[in-house]
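The structure presented is a predicted model; accordingly, all values stated were derived computationally and were not measured. Below, all heavy atoms of this structure are taken into account, side chains as well, without hydrogens, waters or symmetry copies.
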Amino acid sequence: MARVGFSPREVSKISGVTVPTLDNWHRARFLSPSIEGAPGRGSRSRLYSFQDLVALRVAHQLREAGITTQALRRVLKYLRKRKGLS
């Protein structure tokens, strides 16, 4: 069977975003899994797409560079509206 998505643990290893931060960003509706979301913390039933993975890695790198989450929200809003990104 073909791979459907990435688990929070896999996303954390690849992106550098900790699982608690993934949980926080999901609850805050900042960056949530597009394949399958689930309530609760560290839910194993959450599945992230490759596009989610790229967005999380970029967001993590920008946060590490000192960009605020508020500024990142504005960028995401712009991209979603203007560029049709989900």
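- Going from atom CG of Asn24 over to atom NE2 of His26 covers 11.0 Å, rounded to the nearest 0.5 Å.
- Taken to the nearest 0.5 Å, the OG1 atom of Thr69 stands 10.5 Å off from the CG atom of Leu76.
- Nearest approach of Thr68 to Arg63, heavy atoms of both residues: CA-NH1, 3.5 Å.
- For the pair Leu56 and Ile14, the minimum side-chain heavy-atom distance is 4.5 Å or more.
- Between Phe6 and Asp52, every side-chain heavy-atom pair lies at or beyond the 4.5 Å cut-off.
- The CG atom of Leu22 sits 12.5 Å away from atom CZ of Arg9, with the distance rounded to the nearest 0.5 Å.
- Arg73 approaches Phe30 most closely through the heavy-atom pair CG-CD1, 3.7 Å.
- Distance CD/Gln61 to CZ/Arg57: 5.0 Å, rounded to 0.5 Å.
- To the nearest 0.5 Å, the span separating OH on Tyr48 from OG on Ser7 amounts to 9.5 Å.
- Going from atom CD1 of Ile35 over to atom CZ of Phe50 covers 12.0 Å, rounded to the nearest 0.5 Å.
- Arg46 is listed as a side-chain neighbour of Pro33, based on a closest heavy-atom distance under 4.5 Å.
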